[in-house]
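Let me begin by presenting the structure, written as structure tokens, before commenting on it.
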Amino acid sequence: MEPTLPKPKGRHFKIDGLYYPGVSTILRATQSYEKIQALRRWRERVGTVEAQRITQEATSRGSLVHKLAETLLKGDDAAPIMAAATPEQQTLATPFWEQVQTIIPALHDPFLIEAVVAHPIGHYAGVIDLACYWEDELGRYPVVLDWKTSSKPKRTEYLEDYFLQLTAYGAALNRSQDLKIQWGILIVSSPETTQVCRVHLKDHFRGWLDRLHRFWQEQDHHPVQPRALAALREHYGLV
């Protein structure tokens with residue numbers, strides 16, 4: 001039995017005695033220079049205090065909306081969850097939760113809710129919001145689904161990292177459970193509307209693989225780096 005290695009920095013999941021980095025940690029570490037600069041300019045424009053307030057509010061409402069959706073999808077009453085929140089949390093989350101509920105009828109037979117998935121070749125893991133059957137004009141088919149909240153609708157070009165996140169989860173789920181999920185659904189709820197983005201995971205897999213490979217190349221002090229790079233070379237021909 002191999003010894004348990006020390007936990008590296010960033011969010012990690014303990015998988016078979018090893019610490020796998022989370023998908024969000026990988027994407028954050030491999031952000032483009034343009035995205036990093038755009039975030040820096042935004043913080044400078046609104047100020048440090050205001051930026052922190054906005055970030056905290058987004059985290060608070062997002063956590064509550066996720067918990068409400070999880071509870072409802074498990075067949076339980078979500079009302080007590082909302083009632084237990086602080087008045088401030090209720091005010092923040094209510095318009096977003098009202099939008100999310102309009103999507104619920106399209107969801108069927110959830111088989112994973114807030115579950116950890118891991119990819120044994122990519123050596124990464126993450127918490128999937130939902131895996132279920134989605135019904136639309138294409139029919140009824142299995143999907144991985146992720147909930148997001150935003151103060152206003154987002155332009156498609158700003159959603160790429162979310163698409164990559166869905167792709168990473170789908171690849172991990174397909175690999176670990178021998179499934180053939182081809183589609184991801186990104187739900188972005190704002191107070192006025194809900195964006196539903198249907199994502200063909202195959203279209204974004206190369207982009208995710210490039211980010212994953214770059215992450216591992218830059219992790220010289222990560223104890224899992226050698227085996228992760230070796231696995232990526234063997235299975236995907238990355239050098």
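Residues take their numbers from the sequence shown, with the count starting at 1. FYI, side chains are in, hydrogens and waters are out, and symmetry mates aren't considered; it's all heavy atoms of this structure.
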Could you tell me whether a side-chain N or O of Q89 sits under 3.5 Å from a main-chain N or O of S60, the two making a donor and an acceptor? no

Taking T25 for the side chain and R11 for the main chain, is one N or O donor matched with an acceptor at less than 3.5 Å? yes

Where is the tightest heavy-atom contact between Y169 and G126, given as atom of each residue plus distance? CE2-CA, 3.8 Å

Partners meeting salt bridge (Lys or Arg N to Asp or Glu O under 4.0 Å) with R41 (sequence neighbours left out): none

Which heavy atom of P191 sits nearest to which heavy atom of S150, and what is that distance? CD-O, 3.7 Å

Is there a side-chain contact between D161 and R211 in this structure, where contact means two heavy atoms from C-beta onward sitting under 4.5 Å apart? yes

Calculate, to the nearest 0.5 Å, the distance between atoms CG and OG1 belonging to L212 and T167 respectively. 12.0 Å

Is there side-chain contact between I54 and W42, with heavy atoms separated by less than 4.5 Å? yes

Name the one of D129, I128, L73 that satisfies side chain to side chain contact (heavy atoms under 4.5 Å, CB included) with I113? L73

Closest heavy-atom pair and its distance - L173, A131: CD2-CB, 3.9 Å

Do the side chains of Y162 and I187 join up, straight or via other hydrophobic residues, at under 4.5 Å, putting them in one cluster? no

Is any side-chain heavy atom of L232 less than 4.5 Å from a side-chain heavy atom of L209? yes

Would you indicate whether D16, at its atom CG, is surrounded by more than 12 heavy atoms from other residues, nucleotides or ligands within a distance under 6.0 Å? no

Tell me whether D210 is salt-bridged to R214, with the criterion being a basic N under 4.0 Å from an acidic carboxylate O. no

Over 12 non-hydrogen atoms of neighbours within 6.0 angstrom of OH in Y236: yes

Single-linkage hydrophobic cluster, 4.5 Å side-chain cutoff, F96 and L145 together: yes

Minimum side-chain heavy-atom gap T94-W97 below 4.5 Å: no

C132 and D109, any side-chain heavy atoms less than 4.5 Å apart: no

Same apolar cluster (I L V M F W Y, side chains within < 4.5 Å links), V49/V46: no

Beyond-backbone contact of Y141 with W183, side-chain heavy atoms, under 4.5 angstrom: yes

With clusters defined by side-chain heavy atoms of hydrophobic residues (ILVMFWY) lying less than 4.5 Å apart, directly or transitively, does I81 cluster with L72? yes

Could you go through the side chain to side chain contact (heavy atoms under 4.5 Å, CB included) check for R43 and T48 one step at a time? CA-CA 6 Å; R43 288 184 176 277; T48 302; 5.8 Å; no

Gap between atom CD1 of I185 and atom CG of L166 - 0.5 Å precision: 8.5 Å

Taking the side chain as every heavy atom from C-beta outward, state whether W208 and F163 have any atom pair closer than 4.5 Å. no

Residues two or more places apart in sequence or in another chain: which of them pass side chain to side chain contact (heavy atoms under 4.5 Å, CB included) with A171? H119, Y124, F205

Just verifying a value: how many Å separate R227 CZ and E234 CD, rounded to the nearest 0.5 Å? 13.0 Å

I want to check something: taking the side chain as every heavy atom from C-beta on, are Y33 and I36 in contact at a cut-off of under 4.5 Å? no

Taking I104 as the starting point, is it possible to reach L186 by hopping between hydrophobic residues whose side chains are less than 4.5 Å apart? no

Counting only heavy atoms not in Q52, do more than 12 sit closer than 6.0 Å to its CD atom? no

Minimum heavy-atom separation for D77 and P80, please, with both atom names. O-CD, 3.2 Å

For a quick test of reading the model, state the closest non-hydrogen atom pair linking R175 to P120 and the distance between them. CG-CD, 3.5 Å

Interatomic distance, L201 atom CG to Q182 atom CD [nearest 0.5 angstrom]: 8.5 Å

Does atom CD of E160 have more than 12 heavy-atom neighbours from other groups under 6.0 Å away? yes

Side chain of H123, backbone of I121: donor and acceptor closer than 3.5 Å? yes

Show me the donor-acceptor pairs within less than 3.5 Å that the side chains of residues 193-200 make with the rest of the protein, sequence neighbours left out.
from	atom 1	to	atom 2	distance (Å)
T194	OG1	Q99	O	3.3
T194	OG1	Q99	OE1	3.2
Q195	OE1	K154	N	2.8
Q195	NE2	K154	O	2.7
R198	NH1	D136	OD2	2.8
R198	NH1	E137	OE2	3.3
H200	ND1	K202	N	3.4

With rounding to the nearest 0.5 Å, note down the distance linking CD in E218 to CD1 in I26. 11.5 Å

So, the side chain of Q225 versus the backbone of W216: is there a donor-acceptor pair under 3.5 Å, distance only? yes

Search all heavy atoms of F215 against all heavy atoms of P21 and return the closest pair with its distance. CE2-CG, 3.6 Å

At what distance, to the nearest 0.5 angstrom, does CG of L130 lie from CZ of F111? 8.0 Å

Check the side chains of R61 and T149 for a donor-acceptor pair under 3.5 angstrom, ignoring hydrogens and angles. yes

Would you say the side-chain atoms of H222 and H12 include a donor-acceptor pair closer than 3.5 Å? yes

